[in-house]
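For reference, the structure discussed in these notes is given below.
Order of the sequence lines fixes the chain letters, A, B, ..., with proteins taken first and strands second; residue numbering starts at 1 for each chain. Since the structure is predicted, the reported quantities are computational estimates derived from the model, not experimental observations.
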Protein chains: 2
Amino acid sequence: MAEKTVQGAQVVGRVAQLLRIVGRSPEGGAALPAIVEASGLTRPTVYRLLNSLAAEGLLDHHAETGTWHLGPEIYVLGAVAANRYAIEDLARPSLQRLADETGESAFLSIRRGDETVCLLRVEGSFPVRSFVLHEGVRFPLGVASAGLAIMAFLPEAEVDRLLDDGGTRGERFGPAHTAERIRANLEVTRRNGYTVNPGLILEGSWGMGAAVFDRQGNPAWALSLTGIEQRFRPERQEFLGKLLLEEAHKITQQLGEHASAR
Amino acid sequence: MAEKTVQGAQVVGRVAQLLRIVGRSPEGGAALPAIVEASGLTRPTVYRLLNSLAAEGLLDHHAETGTWHLGPEIYVLGAVAANRYAIEDLARPSLQRLADETGESAFLSIRRGDETVCLLRVEGSFPVRSFVLHEGVRFPLGVASAGLAIMAFLPEAEVDRLLDDGGTRGERFGPAHTAERIRANLEVTRRNGYTVNPGLILEGSWGMGAAVFDRQGNPAWALSLTGIEQRFRPERQEFLGKLLLEEAHKITQQLGEHASAR
DNA sequence: TCCACTTGTCCATAAGATGGACAGCACGGC
DNA sequence: GCCGTGCTGTCCATCTTATGGACAAGTGGA
C-alpha cells in the first residue's frame with residue numbers, strides 16, 4: 001500500500017514479490033499454483049516471470065518436483081551483500097549456545113520494513129519442535145516473539161503506526177493480535193527486556209525473544225526461541241529470558257566494536 | 001548470446017544484469033554513469049529500474065555519494081538461499097588457514113555458468129596485496145587462477161566450447177589469454193593439481209588456485225591465493241600448491257559427508 | 001562566465017508484457 | 001474404458017507500460 005515513488009517500473013515490483021514468495025516457502029520450494037495464488041497475478045504471467053528468473057539464475061526450477069527455489073545467482077549476490085550486512089556470522093554461535101543450553105530451536109530474525117524475516121534457524125535437541133518459524137518466513141512487527149521484541153523498543157509513534165492496520169493482522173493471525181493486547185505485551189517486554197509469545201499464532205506453540213540493537217541503537221534484529229507450552233512455564237521463562245538477553249547483548253556489543261563497511 | 005528460452009520477459013534480464021553490475025562493483029558501490037556504461041542501456045531506463053529496485057529493497061541508494069549497493073532484501077534472500085548452497089561456511093576456516101600460513105590473500109570463487117564469481121576474500125598479512133580479485137568479481141572460466149583450476153577438470157568438449165569465444169577474451173584480458181596458452185596451462189594444472197597464473201591479467205600480480213568438487217564430482221568452486229610475483233617463485237609454489245590442495249580436498253570431503261537439503 | 005557532467009523528470013511512441021484460451025498430459029474415481 | 005479435475009506449457013491479439021530523446025536544474029572546475 002502506498003507505492004509510486006518515482007515513475008515506477010512495476011515489473012520490478014512483481015519480480016521482487018515473486019522472489020520473496022519463493023524465499024519464504026518452507027524448505028525453499030514452492031510450486032507454481034501456490035505462487036500464483038500467493039502473488040495474485042495470473043498464471044501465464046507468473047509462469048513467464050519465473051522462467052525468466054530461472055534463466056538468469058535468480059531462481060532454480062527443480063525438474064522432478066516442479067518446485068521453484070532461490071537460485072545460485074541470489075546466493076552469489078547475497079554472499080556479496082553479506083559483507084555489508086553481516087550479523088549472521090556474529091549470531092550463529094549465540095544461536096548454537098541457545099539451542100544447546102535450552103534444547104529449544106533458536107532463531108535470528110531481522111527487521112525488514114514493517115516485517116521481520118527469519119534468517120537463521122538452529123534446531124534444539126528437544127524432540128517436539130514447532131515449525132511455524134523457519135528461514136525466510138516473514139511476520140508483521142507485533143506478531144511472533146521476534147517482532148514483539150523489536151517493536152517494544154521502537155518509538156511510540158512508530159508503534160502507533162504499525163498497530164493501526166485496520167484489523168488485517170487479527171484476520172490473518174488470530175483474534176489475539178489486537179492493538180490492546182499487543183500494547184500490553186510490549187509493556188511487559190520493556191520491563192523484562194525479553195518478550196513471551198504464549199501461543200498467540202498457534203495454540204501450544206510458544207516463543208520468547210530479545211532484541212539486538214544496531215550501532216545507532218535501533219532494534220534491528222531479534223533472537224528468539226520456540227517450543228511447546230510445557231517448556232515455557234513461568235518458572236523456566238526467567239532462565240530462558242536471561243539467556244536470550246545475554247546472547248542478544250553479546251551480539252549488540254560485538255556489532256558496536258565491529259568496524260563496518262563504509 | 002543465445003537467449004530466448006521460453007517467451008521471455010526481458011525486463012527480468014535487465015534487472016538481473018543491473019543486480020550483477022552492482023554486485024560486482026569494488027566495495028559494493030557503483031555510480032549511475034558507470035552502471036549505464038556497463039549495462040549498455042539508456043540512462044533514464046537504468047535510472048528508473050534502479051529506483052524501482054531500491055524501492056523494493058533489492059538495492060540501496062547511498063544518498064551522499066549517489067552510489068548504488070546491493071540492498072537488504074538481497075541479503076535476506078541470500079541468507080535463505082545459503083541453506084541450499086552452503087560451502088561458504090565450510091570454506092571460511094580454510095581461507096583463514098591459507099591466509100595465516102602464507103601471508104597472501106585467500107579467496108573462494110564459485111563457478112556460475114561460464115564465469116567464476118568471487119564469494120569470499122580473506123586478507124593475508126603480507127603488506128603488498130593485489131586487489132584484482134574481491135567479492136563479486138567475475139571472470140570468464142580460463143581467466144584467473146580460480147577459473148583455470150576449475151576449467152582443468154571440466155570435460156574436453158566443455159573446454160573447447162569455452163575457449164572458442166572469437167577472441168573477445170584476449171581483447172578484454174590481454175594477449176596472454178589465447179586458447180593455446182590456456183590449454184597449456186590446463187595441462188600443467190592437471191599434472192600438479194593446482195594452477196599458477198603468472199601475472200596474466202596484471203603484470204606482477206600472480207595467483208594460484210585449486211578446485212573444489214561437488215558431490216557429483218564436478219569442479220564447482222575454487223580456492224585461490226594472490227600476491228606479487230616475488231612471493232610466487234617456483235621454490236615457493238610447491239609449498240603454496242600443497243596447502244591449496246590440502247584445503248581444497250578438505251572442503252570437497254566435507255561436502256561429500258554433509259547431508260544436503262533435497 | 002562558460003563548459004562539462006551530473007541528477008531528476010516528462011511524455012509521445014512503440015515495444016513488449018499481459019491473460020484468456022487451448023492443447024496435452026497424468027492421475028484417480030467409478 | 002471414460003470422464004472429471006488439475007496440472008504444465010504455449011499462443012497471440014490487445015492494450016498496458018517500459019522506453020529514451022529531450023529538457024530543466026544543479027554542481028564544480030577552469
* Asked: Salt bridge or not for B:Arg112 and B:Glu115, using N-O below 4.0 Å?
  -> no

* Asked: D:dG9, C:dG19, C:dG8: which one has an atom nearest the side-chain heavy atoms of A:Pro44?
  -> C:dG19

* **B:Arg43 side-chain proximity, nearest of C:dT9, C:dA17, D:dT19** => C:dT9

* Structure fact -> Side-chain atoms of B:Gln10 come closest, of C:dG19, D:dT17, C:dG16, to C:dG16

* To do: For A:Glu37 and D:dC7, give me the distance from atom CD to atom C1', rounded to whole Å.
  => 15 Å

* Looking only at side-chain atoms of A:Pro33, point me to the closest of C:dG19, D:dC7, D:dG21. => D:dC7

* Under 4.0 angstrom between A:Arg48 side-chain N/O and C:dT18 OP1 or OP2 -> yes

* To do: Look at B:Thr42 and D:dT19 and indicate whether a side-chain polar atom (N or O) is within less than 4.0 Å of OP1 or OP2.
  => no

* Measure up the A:Phe213 and A:Phe153 rings against each other and bin them: parallel (under 30°), tilted (30 to 60°), perpendicular (over 60°). => perpendicular

* **Residue met sooner reading DNA chain D from 5', once A:Val11 and A:Leu32 are mapped to nucleotides** => A:Leu32

* Asked: A:His62 NE2 to D:dT8 C1': how many Å, rounded?
  -> 17 Å

* Side chain of A:His61: nearest nucleotide among D:dT19, C:dG8, D:dG9? -> D:dG9

* Structure fact -> Here the distance between atom C1' of C:dA17 and atom CG of A:Leu18, to the nearest Å, is 14 Å

* salt bridge (Lys or Arg N to Asp or Glu O under 4.0 Å) between B:Arg138 and A:Glu73, worked out -> CA-CA 12 Å; B:Arg138 289 156 191 261; A:Glu73 268 313 309; 2.8 Å; yes

* Asked: So, is B:Tyr47 close to the C:dT9 phosphate, meaning a side-chain N or O under 4.0 Å from OP1 or OP2?
  -> yes

* Report the distance from atom CD1 of A:Ile35 to atom P of D:dG9, rounded to the nearest whole Å. => 12 Å

* **Between C:dA17 (P) and A:Gln17 (CD): distance, integer Å** => 17 Å

* To do: Please state whether the phosphate of C:dA17, meaning OP1 or OP2, lies under 4.0 angstrom from any side-chain nitrogen or oxygen of A:Thr45.
  => no

* Asked: Over how many whole Å does the gap from B:Arg14 atom CZ to C:dA15 atom C1' extend?
  -> 9 Å

* Short side-chain to backbone donor-acceptor contact, B:Arg121 and B:Glu135, under 3.5 Å -> no

* Pairwise 5' ranking along DNA chain D for A:Ala31 and A:Val12, keeping only the more 5' one -> A:Ala31

* Asked: How close or far is atom P of C:dA17 from atom CG of A:Leu50, stated in whole angstroms?
  -> 15 Å

* Whether over 12 other heavy atoms sit under 6.0 Å from B:Arg172 CZ -> no

